[in-house]
Asks: 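Structure provided below as C-alpha cells; questions to follow.
In what follows, every chain begins at residue 1, and chains take the letters A, B, ... in the order their sequences are listed.
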Amino acid sequence: MPELPEVEVVRRGLERWVAGRTVAEVEVLHPRAVRRHPAGGVDFAARLTGHRLGTAMRRGKYLWIPLADTDSSVLGHLGMSGQLLVQPSDAPDEKHLRIRVRFTDSDSGSAAGAAGTELRFVDQRTFGGLSLHDNTPDGLPDVIAHIARDPLDPAFDDAAFQAALRLRRTTVKRALLDQSLISGVGNIYADEALWRSKLHYERPTATLTRPRSAELLGHVRDVMNAALAAGGTSFDSLYVNVNGESGYFDRSLDAYGREDEPCRRCGTPMRRRPWMNRSSYFCPRCQRPPRASA
DNA sequence: CAGAAGTCCTGGTCGC
DNA sequence: TGCGACCAGGACTTCT
C-alpha cells in the first residue's frame, strides 16, 4: 500500500539508478500490467526500446520517466502492491514479476554503479502498471492532466485548495481522496490527518472554517513529511524498494488500524467504521460526528 | 454536471 | 484439514 512518501522514495531511486540509461529490451510478462497502454504489451515494448530514459518525475502517486528526444513518457502507478526494483540481471525472477526492462549496459557484469542491473515491475495484485503516453506542453503525461498537484509540490496552491474544499458539497474524507482536488492522499493518511485535526470523516466540507481547513492541510503535509523522512533513508542501496520492508510499516500510526486501542490523545478506544468498501478509523471522543449526520 | 456507487484483482486470514 | 467468505484499496467507469 504505497502512499505518496513511498512513491517519492521510488522516484529518487529511479533518478539515481536508471536515469540516462538506454533501453535495450522490454519483456511484458502479464497483460494486465500494461492495461493502461491501449496498444498493448508488444507496442509498449517496441516503443520503449532504443530510447534513453530521463529523470523520473512524480505527481501524487503517479511516476513518469520522460523518454529523451521524444515528447512522451513512461507512466507508472504502483497500485496497492506494486514495486519498481533495480535488480542485478542475474537475480532470480520474483514470483509476481510483470515487466522487465533491460538496458544496453545491463550485462556489463561487475562494473560499479548501475551497470549490470535491470528494472523490474513486480506486482502481486496487478492494480498498478506501466504505460506510454504523449506529454502535455507542461511535460505531463496527457492521461494524468486531471490529477491535482500534491501537497508536497512547491507549486501547490494552499489558498485555492481551501477555497475549493469549502465549495464542495461532500464530506471531508471523500474530498481528501478526490485526486482532482488534491492528489497523493490515500485511506491511511486521510485517517491520520483527520485524527490530528480532530475532524470526523463525515464532516461536510462546507462547514470547515478557513483556519480549520488550513490546519487540516498542514496535518496532511506533516504526516507525509514525517513518513518521507522515515523512509527516505532506507533506500541507500541497490534496490528501488517500496514495500513494507523499507520502513513503511515502521512509522507510527495514530489512527489507521488501531481499532479498540486507546486514542493516543485521550485514551478512548478507537473505532473502525465501514466506509466506501474500506474502513475509517477514528476516536469517538476527539472526532465527534457532525450533528446532522445521517 | 457533481457526487456517489460499482468495479477490478489476488493472497492472507478467519470461521465453520 | 478444507473450503468459502471476507478483507485490503487507488482510480477508473458507470450510475443517479
Asks: Select from A/Asp178 and A/Gln124 the residue whose nearest nucleotide in DNA chain B is closer to the 5' end of that strand.
Replies: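 Residue closer to the 5' terminus by nearest nucleotide: A/Asp178.
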Asks: Show me the donor-acceptor pairs within less than 3.5 Å that the side chains of residues 177-188 of chain A make with the rest of the protein, sequence neighbours left out.
Replies:
{"from": "A/Asp178", "atom 1": "OD1", "to": "A/Ser180", "atom 2": "N", "distance (Å)": "2.9"}
{"from": "A/Asp178", "atom 1": "OD1", "to": "A/Ser180", "atom 2": "OG", "distance (Å)": "2.7"}
{"from": "A/Asp178", "atom 1": "OD2", "to": "A/Arg168", "atom 2": "NH1", "distance (Å)": "2.6"}
{"from": "A/Gln179", "atom 1": "OE1", "to": "A/Gly184", "atom 2": "N", "distance (Å)": "3.4"}
{"from": "A/Gln179", "atom 1": "NE2", "to": "A/Leu177", "atom 2": "O", "distance (Å)": "3.3"}
{"from": "A/Ser183", "atom 1": "OG", "to": "A/Ala148", "atom 2": "O", "distance (Å)": "2.7"}
{"from": "A/Ser183", "atom 1": "OG", "to": "A/Asp150", "atom 2": "N", "distance (Å)": "3.4"}
{"from": "A/Asn187", "atom 1": "OD1", "to": "A/Lys173", "atom 2": "NZ", "distance (Å)": "2.7"}
{"from": "A/Asn187", "atom 1": "ND2", "to": "A/Ser279", "atom 2": "O", "distance (Å)": "3.1"}

Asks: Whole Å only: how far is the CD atom of A/Glu6 from the C1' atom of C/dG9?
Replies: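 Taking atom C1' of C/dG9 as the reference, CD of A/Glu6 is at 14 Å.
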Asks: For the pair A/Asp254 and A/Arg264, find out whether any cationic side-chain nitrogen is under 4.0 Å from an anionic carboxylate oxygen.
Replies: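 The answer is yes: the pair qualifies as a salt bridge.
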Asks: Name all residues meeting the side chain to side chain donor-acceptor pair (under 3.5 Å) criterion together with A/Asp153; count only those two or more places apart in sequence or in a different chain, and write none if there are none.
Replies: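 Result, side chain to side chain donor-acceptor pair (under 3.5 Å) vs A/Asp153: A/Arg149.
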Asks: Output side-chain donor-acceptor pairs under 3.5 Å for residues 22-39 of chain A, partner residues at least two apart or in another chain, one line each.
Replies:
{"from": "A/Glu25", "atom 1": "OE1", "to": "A/Arg102", "atom 2": "NH1", "distance (Å)": "3.1"}
{"from": "A/Glu27", "atom 1": "OE2", "to": "A/Arg100", "atom 2": "NE", "distance (Å)": "2.8"}
{"from": "A/Glu27", "atom 1": "OE2", "to": "A/Arg102", "atom 2": "NH1", "distance (Å)": "3.2"}
{"from": "A/His30", "atom 1": "ND1", "to": "A/Arg32", "atom 2": "N", "distance (Å)": "3.0"}
{"from": "A/Arg32", "atom 1": "NE", "to": "A/Thr126", "atom 2": "O", "distance (Å)": "2.8"}
{"from": "A/Arg32", "atom 1": "NE", "to": "A/Thr126", "atom 2": "OG1", "distance (Å)": "2.9"}
{"from": "A/Arg32", "atom 1": "NH2", "to": "A/Thr126", "atom 2": "O", "distance (Å)": "3.1"}
{"from": "A/Arg35", "atom 1": "NH1", "to": "A/Arg32", "atom 2": "O", "distance (Å)": "3.0"}
{"from": "A/Arg35", "atom 1": "NH1", "to": "A/Gly128", "atom 2": "O", "distance (Å)": "3.2"}
{"from": "A/Arg35", "atom 1": "NH2", "to": "A/Phe127", "atom 2": "O", "distance (Å)": "2.9"}
{"from": "A/Arg36", "atom 1": "NH1", "to": "A/Tyr62", "atom 2": "OH", "distance (Å)": "3.0"}
{"from": "A/His37", "atom 1": "ND1", "to": "A/Leu132", "atom 2": "N", "distance (Å)": "3.1"}
{"from": "A/His37", "atom 1": "NE2", "to": "A/Asp43", "atom 2": "OD2", "distance (Å)": "2.8"}

Asks: Starting at CG of A/Leu63 and ending at P of C/dG10, how long is that distance when rounded to a whole Å?
Replies: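 Atom-to-atom, A/Leu63 to C/dG10, this comes out as 15 Å.
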Asks: What is the distance, to the nearest angstrom, from the CD atom on A/Glu192 to the P atom on C/dG9?
Replies: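 It works out to 12 Å between those atoms.
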Asks: Closest approach of A/Tyr281 and A/Ala255, non-hydrogen atoms and distance?
Replies: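 Taking A/Tyr281 first and A/Ala255 second, the nearest heavy atoms are CB-O, 3.3 Å.
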Asks: How is the base pairing of DNA chain C summarised as a dot-bracket string, given the Watson-Crick and G-U wobble criteria with both distances under 3.5 Å, [ ] for crossing and | for another strand?
Replies: .|||||||||||||||
Asks: Just call it for A/Asn277: base, sugar-phosphate, or nothing, with non-hydrogen atoms closer than 4.0 Å on any strand.
Replies: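 The answer is base, as A/Asn277 lies within the cut-off (heavy atoms under 4.0 Å) of a base atom.
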Asks: Show your reasoning for whether side-chain contact (heavy atoms from CB on, under 4.5 Å) applies to A/His51 and A/Asp69.
Replies: CA-CA 8 Å; A/His51 286 287; A/Asp69 307 317; 5.8 Å; no
Asks: Mind calculating the distance between CG (A/Asp123) and P (C/dG10) to the nearest angstrom?
Replies: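 One finds 14 Å between P of C/dG10 and CG of A/Asp123, rounded.
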Asks: Whole angstroms only, please: what is the CG-P distance between A/Asp191 and C/dA8?
Replies: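 Answer to the nearest Å: 11 Å.
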Asks: Any sub-3.5 Å donor-acceptor pair from A/Arg21's side-chain atoms to A/Ala114's backbone N or O?
Replies: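 Yes; at least one donor-acceptor contact below 3.5 Å.
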Asks: Please check: side-chain N/O of A/Ser81 versus main-chain N/O of A/Arg125, any donor-acceptor pairing under 3.5 Å?
Replies: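 Yes.
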Asks: Just checking, any donor-acceptor pair under 3.5 angstrom between side chains of A/Ser72 and A/Asp134?
Replies: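 The answer is no; no qualifying pair exists.
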Asks: Do NZ/NE/NH1/NH2 and the carboxylate oxygens of A/Asp191 and A/Arg272 come within less than 4.0 Å?
Replies: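 Answer for the salt bridge query: no.
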Asks: Is the closest basic N to carboxylate O distance between A/Glu15 and A/Arg12 below 4.0 Å?
Replies: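 No salt bridge links A/Glu15 with A/Arg12.
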Asks: Where along nucleotides 11-16 of chain C does protein come under 4.0 Å, by heavy atom, of base (B) or sugar-phosphate alone (S), with - for untouched nucleotides?
Replies: BS----
Asks: On DNA chain B, reading 5' to 3', which nucleotide is the first and which the last to sit with an atom under 4.0 Å from a heavy atom of chain A, could you check?
Replies: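 Going 5' to 3' along DNA chain B, contacts run B/dG3 to B/dG11.
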